[in-house]
Amino acid sequence: MVALTQTTPPSAERLRAVDDFLAEAWADQSSHDERLRDLAVRVRFDRGVAHLTGEVDDAAQLRLVRDLVGRFAGVFGVWGRVRVAGRDPVVVDLGCGGTKQYPDNLGLDICPAPGVDAVADLSGSLPLADDSVDVIFAVHILEHLIDFLPLVDECHRVLRPGGVLHVMSPWWGHVNAVADPTHVRLLDVQTFKGICLQRPPGTPHWYPLHAGCDGASIFADLTPQPPNPTPIPNSHLARFFT
């Protein structure tokens with residue numbers, strides 16, 4: 001199923017009901033799809049975001065689960081912290097403050113706080129080595145940066161091949177986008193179409209794994225591509241972008 005974009009935020013009651021439906025649908029698919037039966041991956045749905053935990057033997061299995069979960073209507077993002085081939089992933093939380101998406105994430109923030117493991121100015125270079133990170137969370141960060149593309153490029157540099165950047169930001173059409181005076185950018189799902197398709201030659205390339213909007217927030221899961229990548233199929237882009 002194609003994940004649909006909402007124009008008004010769903011109520012908390014409806015989100016809970018959709019989460020329950022998604023959990024039932026995933027349990028049904030897992031029991032009938034032979035590729036999934038023996039995988040030790042747990043999927044939890046929270047307000048339309050699928051959270052993956054557990055472990056797999058190889059990255060292809062994780063990619064399969066991500067893709068299948070992301071096909072359900074009502075899923076806005078597919079987040080995860082999954083062991084691959086016995087190795088714990090390196091997961092970085094940008095601008096985490098005192099709240100990380102998963103407790104064991106490496107938290108980076110410009111201000112010291114409980115949960116911040118390293119102080120870093122996110123408008124500059126990240127204090128991380130090339131190809132050293134498996135997952136990056138940028139939750140309610142990009143809207144605070146006048147120019148967020150350098151940070152996106154830094155995420156591309158530090159992510160390993162197959163790594164994922166998870167973005168969540170206020171949708172431009174919701175009051176939350178302008179209610180906070182520290183928000184300096186307005187974003188839309190189409191912004192990520194531009195990041196993936198409209199950057200000039202010589203800049204990092206991204207492939208959209210998933211993108212969506214619940215009427216209040218936008219979500220995007222991006223994975224880095226190598227230089228001169230194969231063009232992204234229009235059939236894939238049509239799932240998320242107009």
Side-chain angles (χ1 to χ4, degrees), residues 39-67 69-70 75-122 124-142 144-145 148 150-169 192 195 204 206-212 217-225:
L39 296 186
V41 176
R42 296 175 293 278
V43 182
R44 176 179 62 87
F45 298 94
D46 181 12
R47 300 176 65 86
V49 176
H51 293 265
L52 314 184
T53 54
E55 58 183 303
V56 293
D57 293 332
D58 56 60
Q61 292 176 330
L62 177 56
R63 183 68 175 265
L64 172 67
V65 175
R66 287 189 52 86
D67 181 62
V69 172
V75 171
F76 302 114
V78 185
W79 296 1
R81 186 184 175 93
V82 178
R83 287 170 55 89
V84 178
R87 183 179 65 84
D88 287 323
V90 177
V91 185
V92 172
D93 231 314
L94 299 179
C96 64
T99 305
K100 297 179 183 179
Q101 303 307 313
Y102 298 95
D104 293 334
N105 291 357
L106 174 67
L108 302 184
D109 204 305
I110 195 169
C111 297
V116 174
D117 300 293
V119 174
D121 183 355
L122 300 183
S125 299
L126 295 177
L128 300 164
D130 295 359
D131 303 326
S132 62
V133 176
D134 297 290
V135 178
I136 297 176
F137 286 96
V139 177
H140 292 299
I141 296 302
L142 300 189
H144 293 276
L145 301 175
F148 58 73
L151 176 60
V152 173
D153 291 347
E154 274 291 281
C155 291
H156 192 287
R157 177 184 66 80
V158 304
L159 279 171
R160 295 188 174 110
V164 182
L165 168 63
H166 298 299
V167 178
M168 178 182 178
S169 287
F192 297 98
I195 288 174
W206 293 92
Y207 184 94
L209 296 173
H210 202 80
S217 301
I218 57 170
F219 302 83
D221 301 333
L222 310 178
T223 191
Q225 294 208 86

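What you are looking at is a predicted structure, and each value in this text was computed from that prediction instead of being measured.
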Item to check | Close side-chain approach of Leu142 and Leu151, heavy atoms under 4.5 Å | outcome: yes

Next on the checklist: To the nearest 0.5 Å, what is the distance between CG on Leu52 and CZ on Arg44?
Outcome noted: 10.5 Å

Checklist entry - How would you list, by chain and number, every residue that makes a side-chain hydrogen bond (donor to acceptor under 3.5 Å, both in side chains) with Asp57, sequence neighbours excluded? => result none

Checklist entry - Does any non-hydrogen side-chain atom of Leu106 lie less than 4.5 Å from one of Val90? => result no

Next on the checklist: Does Cys96 form a side-chain contact (heavy atoms from CB on, under 4.5 Å) with Leu108? I'd like the steps, not just the answer.
Outcome noted: CA-CA 6 Å; Cys96 64; Leu108 302 184; over 6 Å; no

Next on the checklist: Within the 4.5 Å heavy-atom criterion, are Leu39 and Val65 side-chain neighbours or not?
Outcome noted: yes

Next on the checklist: One pair to check against side-chain contact (heavy atoms from CB on, under 4.5 Å): Ile141 and Phe148. What are the steps and the verdict?
Outcome noted: CA-CA 9 Å; Ile141 296 302; Phe148 58 73; over 6 Å; no

Checklist entry - How far does CG of Asp121 sit from CG of Leu126, to the nearest 0.5 angstrom? => result 10.0 Å

Checklist entry - Could you give all pairs that pass the salt bridge (charged side-chain N to carboxylate O under 4.0 Å, His left out) test and reach residues 131-142, with sequence neighbours left out? => result Arg87-Asp134, Asp134-Arg160

Checklist entry - What residues, two or more places apart in sequence or in another chain, satisfy side-chain hydrogen bond (donor to acceptor under 3.5 Å, both in side chains) together with Glu154? => result Arg157

Next on the checklist: Go through it in stages, so that I can follow the logic: the residues are Val84 and Gln61, the test is side-chain contact (heavy atoms from CB on, under 4.5 Å), and I'd like the CA-CA distance, side-chain angles, deciding distance and then a yes or no.
Outcome noted: CA-CA 9 Å; Val84 178; Gln61 292 176 330; over 6 Å; no

Checklist entry - Given Trp206 and Cys155, is the side-chain contact (heavy atoms from CB on, under 4.5 Å) satisfied, shown in steps? => result CA-CA 11 Å; Trp206 293 92; Cys155 291; 4.2 Å; yes

Checklist outcome for this item: Interatomic distance, CD@Glu55 vs CG@Asp88, rounded to 0.5 Å, equals 9.0 Å

Next on the checklist: Per the salt bridge (charged side-chain N to carboxylate O under 4.0 Å, His left out) rule, what does the pair list look like for residues 96-117, sequence neighbours excluded?
Outcome noted: Lys100-Asp117

Checklist entry - How long is the span from the CG atom in Asp221 to the CE atom in Met168, to the nearest 0.5 Å? => result 12.0 Å

Next on the checklist: How long is the straight-line distance from CG of Leu94 back to CG of Asn105, given to the nearest 0.5 Å?
Outcome noted: 10.0 Å

Item to check | Residue list, side-chain hydrogen bond (donor to acceptor under 3.5 Å, both in side chains) with Asp58, at least two apart or on another chain | outcome: none

Checklist entry - With a 4.5 Å heavy-atom cut-off, do Val135 and Arg81 have their side chains touching? => result no

Checklist entry - Atom CG in Leu159, atom CD1 in Ile136: separation rounded to 0.5 Å? => result 4.0 Å

Item to check | Partners meeting ring-ring contact (aromatic ring centres under 6.0 Å, His included) with Phe137 (sequence neighbours left out) | outcome: Trp79, Tyr102, His166

